[in-house]
Each structure stands twice: as C-alpha cells, then as structure tokens.
Amino acid sequence: MSPAAAETPVYSIVIPLFNEEAALPILLHRLEMLLERLDGPAEVILVDDGSRDTTGIVAAGRARTDPRFRCIRLSRNFGHQVAITAGMDAARGSATVVMDADLQDPPEVVLELARKWREGYEVVYAQRSGREGENWLKKGTAALFYRTLARVAEIDIPMDVGDFRLVDRKALDAFRAMPERDRFVRGMFGWMGFRQAVVPFRRMPRAAGVTKYPWRRMLRLASDGIVGFSDAPLRAVLWLGFAISAAAFGFGLFAIGAALAGSVVPGWASLAVLLSFLSGVNLTMTGVVGLYVGRIHNEVKQRPLYVVSEAVGTDSAAAAMPAERARAVR
C-alpha cells in the first residue's frame with residue numbers, strides 16, 4: 001500500500017453517483033485538481049447507487065489505480081439520500097464533504113468550506129446565491145418548499161441550502177447514530193445543531209447528462225422532509241375535521257329550522273355534493289395518517305438501510321459502517 005493510501009485523511013469527500021457516465025470524467029479531473037489544493041490529505045468516496053451505465057465500472061477502476069479514491073457499489077438503486085449515508089458511514093476524515101456528481105456543486109467551493117471549518121465551525125453549508133440553468137418553476141417550488149418547511153418544522157434549514165456541505169467528525173458521529181430509514185439528510189443536520197456557518201456559491205448548470213431528480217423524486221423528498229420533522233399535517237387534519245364537524249352541525253340546525261318553517265326544497269344534488277366532499281376529506285385524512293403509519297412500519301422492520309455489493313480501494317468499507325444500517329454481499 002502506498003504512503004498516500006496509508007495516511008489517515010483529513011478530508012473525506014462523498015459523492016453519490018447514479019448514471020453519471022457523461023459527467024464522471026470531468027468530475028474526476030476537477031477532483032484531482034481539488035485534492036492538490038487542499039491543506040491536508042484527502043480521500044474521495046464514490047458511491048455508485050445502482051447505476052445502469054458504466055458509472056460503477058469507471059468509479060471502481062479509478063479506485064483501483066489511485067489510492068486517494070474509494071468506491072462503494074450498492075446492490076441496487078437505494079436513492080440519493082441513502083447513497084449519501086453510505087458514503088458518510090465509510091468516511092475516515094476529520095471533516096467530511098458531501099457534494100453531487102453533476103458539477104452543479106463546484107468542487108472548488110470545498111476550499112471555502114474547509115476554511116470555515118478551520119475557524120471552528122462544525123457544520124458548514126454551501127448556500128446557493130444563484131441557480132443557473134434552472135427554470136422559474138423549479139426555483140419557485142424550491143423556495144416554496146423551504147419556506148413551508150421553515151414554518152411547520154422544528155428545525156432550522158437556511159434557504160437555498162441542499163446537501164452540499166462540510167461536517168466535522170463530531171457532527172458526523174451524531175449523524176451516524178440516527179437510525180431512521182426515510183432520510184432527509186439536510187433536515188437531520190439542521191436538527192442536530194452544532195456551530196454552523198454558510199458559504200455562498202453560484203450553482204452552475206449541469207456539466208453533462210440529465211437530472212436524476214424528476215418531479216416524482218422531488219415530491220418524495222419534500223414529503224420526507226415535512227413528515228419526518230413536523231406533525232403539522234396531522235394537526236391540520238385535526239383542525240380540518242373540527243371545522244367540517246362544526247359546519248355539519250350548523251347545517252343540521254339550518255335544516256331543522258327550514259323544516260319547521262316548511263321551506264324545505266327536496267333535491268339530490270346538494271346531498272350528492274356534500275357526500276362527495278366529505279368522502280374526499282375523509283380519504284385525505286386517512287392518507288395523511290397513513291403516511292405516518294407507513295413510516296412507523298418502515299422503521300420497525302429493521303431492514304438494513306442499504307446493501308453493499310462491492311467495496312474498492314479499502315480492505316472493507318462495510319466494516320466501517322454501522323451494522324444496523326449496512327449489509328455487505330460477498
């Protein structure tokens with residue numbers, strides 16, 4: 001083993017990958033330049049989240065030839081937040097950086113994050129001061145989500161902050177002790193606290209390839225954030241139930257009064273509309289409660305959070321991961 005491989009890294013850079021064969025060569029080149037500029041030894045942990053193209057082959061090949069790189073290949077696509085967790089579980093550095101592979105998170109910003117960490121901050125966020133290459137709908141829905149989460153959740157997440165951040169070993173150990181399955185990583189770090197700082201940066205357009213976060217996945221992430229860190233939907237359902245009950249009681253009094261006055265006009269339309277409305281509200285309430293029950297069911301099954309099919313560039317990446325979260329397939 002070379003000295004570079006044996007040296008304990010100061011920085012661990014975790015990058016989840018999913019079908020990124022077009023952007024990966026550019027990313028690896030930019031990372032090489034970043035590693036030369038950091039003020040301490042670093043490792044790059046490439047987490048292949050069940051890619052269907054050559055992403056995993058390229059990442060594993062780099063880990064075999066360059067001791068600064070490690071590759072963890074998951075047995076299937078477990079999702080972006082779980083892939084981040086897998087990489088952070090394997091991180092050995094005193095500071096761990098999480099960034100995306102599409103180069104919308106410029107690797108050079110890591111230098112600014114490291115400077116803030118050296119000042120004593122334990123969690124350093126990269127905050128988007130601009131979002132190039134994104135349409136108004138994407139920007140608007142993102143702003144709406146963060147404002148909604150700030151109002152209903154008991155956590156503090158700065159506006160326009162994603163998963164691009166640096167965390168100290170102390171914060172990372174606290175994160176690894178959190179066992180939940182439906183993960184919203186940025187919310188988990190917001191819940192933890194610690195000394196936090198923000199580094200603004202301009203988010204660039206995707207270097208190559210297409211987004212791996214369609215609307216369906218974005219909505220799932222938003223629901224994980226709100227349901228995982230707030231009981232506001234349950235309270236809203238409760239008050240909606242009270243409001244409908246009060247309206248029904250008032251309508252009942254009106255019907256009694258109208259019957260006594262002899263001014264009742266028979267008809268099925270109003271009854272059908274009322275029943276349809278109440279049925280829809282009932283299904284909505286059941287669905288909201290079902291979200292929370294489903295999360296409880298997912299937690300009590302106690303399945304591993306992810307399965308590692310191959311670990312390259314280390315004796316056993318799975319050995320560094322919590323046993324309750326990872327399972328290695330040999």
Any side-chain heavy atom of [X] sitting closer than 4.5 Å to one from [Y]?
| X | Y | value |
| --- | --- | --- |
| L46 | I72 | no |
| L103 | I26 | yes |
| D100 | P16 | yes |
| R118 | D39 | yes |
| L166 | Y125 | no |
| I13 | L35 | yes |
| L111 | R37 | yes |
| D89 | Y306 | yes |

Apply side-chain contact (heavy atoms from CB on, under 4.5 Å) to the pair Y11 and S94, showing each step before the final yes or no. CA-CA 6 Å; Y11 300 99; S94 301; over 6 Å; no
Mind running side-chain contact (heavy atoms from CB on, under 4.5 Å) on R70 and V44 for me, showing each step along the way? CA-CA 6 Å; R70 301 164 63 194; V44 177; over 6 Å; no
Can you name the nearest heavy-atom pair linking [X] to [Y], along with the distance?
| X | Y | result |
| --- | --- | --- |
| P107 | L31 | CB-CD2, 4.5 Å |
| K116 | A197 | CD-CB, 4.2 Å |
| P9 | E43 | CG-CD, 3.7 Å |
| L74 | A83 | CD1-CA, 4.3 Å |
| M99 | D105 | CE-O, 3.3 Å |
| S51 | F18 | OG-CA, 3.3 Å |

Quick one: does [X]'s side chain have a donor or acceptor within less than 3.5 Å of a partner on [Y]'s backbone?
| X | Y | value |
| --- | --- | --- |
| R169 | G93 | yes |
| D168 | K170 | yes |
| S12 | A91 | no |

Please report the interatomic distance [atom1]([X]) to [atom2]([Y]), rounded to the nearest 0.5 Å.
| X | Y | atom1 | atom2 | answer |
| --- | --- | --- | --- | --- |
| T85 | Q81 | OG1 | CD | 7.0 Å |
| D66 | C71 | CG | SG | 13.0 Å |
| E122 | Q196 | CD | CD | 9.0 Å |
| F189 | L172 | CZ | CG | 6.5 Å |
| N77 | D48 | CG | CG | 9.5 Å |
| I15 | F69 | CD1 | CZ | 7.5 Å |

For P41, enumerate each residue passing the side chain to side chain contact (heavy atoms under 4.5 Å, CB included) test, keeping only those at least two apart in sequence or located in another chain.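 E7, V10.
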Centroid-to-centroid, F164 to F201, below 6.0 Å?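 Yes, the ring centres sit under 6.0 Å apart.
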Please evaluate residues L34 and E108 with respect to the criterion side-chain contact (heavy atoms from CB on, under 4.5 Å), reporting the C-alpha separation (whole Å), side-chain torsions for both, the decisive distance (0.1 Å), and the verdict. CA-CA 6 Å; L34 171 65; E108 296 74 19; 5.8 Å; no
Audit row: L24, L17, side-chain contact (heavy atoms from CB on, under 4.5 Å) steps and yes/no: CA-CA 9 Å; L24 192 53; L17 305 170; 4.2 Å; yes
Considering only distance and modelled atom types, tabulate donor-acceptor pairs under 3.5 Å from the side chains of residues 54-62, sequence neighbours left out.
{"residue": "T54", "atom": "OG1", "partner": "E21", "partner atom": "OE1", "Å": "2.7"}
{"residue": "T55", "atom": "OG1", "partner": "E20", "partner atom": "N", "Å": "2.8"}
{"residue": "T55", "atom": "OG1", "partner": "E21", "partner atom": "N", "Å": "3.0"}
{"residue": "T55", "atom": "OG1", "partner": "D53", "partner atom": "OD1", "Å": "2.7"}
{"residue": "T55", "atom": "OG1", "partner": "D53", "partner atom": "OD2", "Å": "3.4"}
{"residue": "R62", "atom": "NH1", "partner": "E32", "partner atom": "OE2", "Å": "2.6"}

CA sep, side-chain torsions, deciding dist, call: R64, E310, salt bridge (Lys or Arg N to Asp or Glu O under 4.0 Å): CA-CA 12 Å; R64 291 188 178 96; E310 183 182 17; 2.8 Å; yes
